[in-house]
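To keep things clear, I will list the structure first and then write my remarks on it.
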2 protein chains.
Amino acid sequence: MRFSSQREIIREIVESTNAHPTADWIYNKAKKRLPNLSLGTVYRNLKQLDEEGTIKAITDGNVSRYDWNTASHDHMKCKVCGEIIDVHLQDDSIRKKIRKNYKFEVDDVKMTIIGTCKKHKK
Amino acid sequence: MRFSSQREIIREIVESTNAHPTADWIYNKAKKRLPNLSLGTVYRNLKQLDEEGTIKAITDGNVSRYDWNTASHDHMKCKVCGEIIDVHLQDDSIRKKIRKNYKFEVDDVKMTIIGTCKKHKK
DNA sequence: AAATAAATAATAACAATTACTATTATTATT
DNA sequence: AATAATAATAGTAATTGTTATTATTTATTT
Ligand SMILES: [Mn+2]
Ligand SMILES: [Mn+2]
Ligand SMILES: [Zn+2]
Ligand SMILES: [Zn+2]
């Protein structure tokens, strides 16, 4: 894969936020620096960065979001404000349990907690 | 909500399988009994059945799937054959931990294990 | 049986994403 | 440094999954 300034800027933007942005959000941010950037270019590069393991694509309902943090972790999604917050919950016991009880070879465990974040405490 | 034969048949089909079918799969199955059924009718009724708690909508990447089993449970998805297998992994400790450590009010915990099922053992 | 309004089929609209293609930019080779 | 090879891009069209619209049909109430 050879250099492209578009890909560099897209990567920088993903790495600049904890907000787990969508492709469209990234596109609008990047357009300020590259006015004739194409949304297809954003999607293509996000896929490449995900495939090479630089970032991680996560799925939130029907939209893809992108996470600079490729380490294993989980997410809490607030149904009031939509915010996605990092959280670490998994331990190895889940993977071990599955392998043992179901003979299922585990690649990844995806956990999302749906609820209401502390900002909305009455 | 008043009776409709379309809704009855859609519900029966969801309740007839453990395969976590998509709207399109359900549509094609139901069309055999109701030849001029509309896909919109399938989506509308699946949403109603989900809202009244008769079935549960789950999200698998970018498609919705439907589960007759409304009890709390998790899923393993085989990346080779695409099968979605039920599994029970959660205990109350996750919910308690989140409430305590993050002051986050938990509604639902969604967990999906990605990997390879035992059918593909070499 | 007539009135009311929920549900339907058919179709259009929509949002997220991918595919296509002529042009441009990067890297390797001379 | 010029040339060649080809990966990446912008612009646009196409696709997919889903929701909205609307005239008509159907279930329920009166
Ligand atoms: Mn994260
Ligand atoms: Mn299930
Ligand atoms: Zn919130
Ligand atoms: Zn399998």
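Within every chain, numbering begins at 1; the chains are lettered A, B, ... in the order of the sequence lines, protein sequences first and strands thereafter.
- Distances from the side chain of B/Ser38 to the nucleotides C/dA7, D/dA8, C/dT11 place C/dT11 closest.
- Using a cut-off of 4.0 Å between Lys/Arg side-chain N and Asp/Glu carboxylate O, B/Lys47 and B/Glu51 are scored as not salt-bridged.
- Salt bridge status for B/Asp92 with B/Arg99: absent, with no side-chain N to carboxylate O gap under 4.0 Å.
- Of the candidate nucleotides D/dT18, C/dA16, D/dT9, C/dA16 has the atom nearest to the side chain of A/Val63.
- Contacts between residues 2-14 of chain A and DNA chain D, defined by a heavy-atom separation below 4.0 Å, involve A/Arg2, A/Ser4, A/Gln6, A/Arg7, listed by number.
- Atom CG in B/Leu34 sits about 13 Å away from atom C1' in C/dA7, given to the nearest Å.
- A/Leu39 has its CG atom 14 Å from the C1' atom of C/dA19, to the nearest Å.
- Straight-line distance from the CG atom of B/Asp24 to the P atom of D/dT15: 16 Å, rounded to whole Å.
- Where A/Asn36 and B/Thr22 meet DNA chain D, the nucleotide closest to each residue was compared, and A/Asn36 sits on the side nearer the 5' end.
- A salt bridge links A/Asp107 and B/Lys79; the closest N-O separation between the charged side-chain nitrogens and carboxylate oxygens is under 4.0 Å.
- Remark: P of C/dA7 and CD of B/Glu51 are 12 Å apart, rounded to the nearest angstrom.
- Side-chain contact, A/His73 with A/Asp67: a donor N or O sits under 3.5 Å from an acceptor N or O.
- Note: A/Arg44 CZ to A/Ser4 OG = 8.0 Å, rounded to the nearest 0.5 Å.
- The side chain of A/Lys47 places an N or O atom within less than 4.0 Å of a non-bridging phosphate oxygen (OP1 or OP2) of C/dT18.
- Rounded to whole Å, atom C1' of C/dT8 lies 15 Å from atom CG of B/Leu46.
- Side-chain atoms of B/His20 and B/Asp60 include no donor-acceptor pair closer than 3.5 Å.
- Nucleotide C/dA5: paired with D/dT26 (Watson-Crick or G-U wobble, both distances less than 3.5 Å).
- In summary, the side chains of A/Asp24 and A/Thr22 do not present any donor paired with an acceptor at a separation below 3.5 Å, with no hydrogens or angles considered.
- Taking a pair to require two hydrogen-bonding distances under 3.5 Å in either a Watson-Crick or a G-U wobble arrangement, D/dA10 pairs with C/dT21.
- Both A/Tyr43 and B/Asn45 lie near DNA chain C, and the one whose nearest nucleotide falls closer to the 5' end is B/Asn45.
- Atom CG of B/Asp60 is separated from atom P of D/dT16 by 17 Å (rounded to the nearest Å).
- Closest contact between the side chain of B/Arg44 and the listed nucleotides D/dA10, C/dT8, D/dA8 involves C/dT8.
- The nearest whole Å value for the distance from the CG atom in B/Asn62 to the C1' atom in D/dT18 is 12 Å.
- Here the nucleotide nearest the side chain of B/Ser64, chosen from D/dT9, C/dA16, D/dT18, is D/dT18.
- Using a 4.0 Å heavy-atom criterion, one finds that B/Leu37 contacts the sugar-phosphate atoms exclusively.
- At a cut-off of 3.5 Å, with distance as the only test, a side-chain donor of A/Asp74 or A/Gln90 sits close to an acceptor on the other residue.
- Regarding B/Asp50, its CG atom lies at a distance of 11 Å from the P atom of D/dT19, rounded to whole Å.
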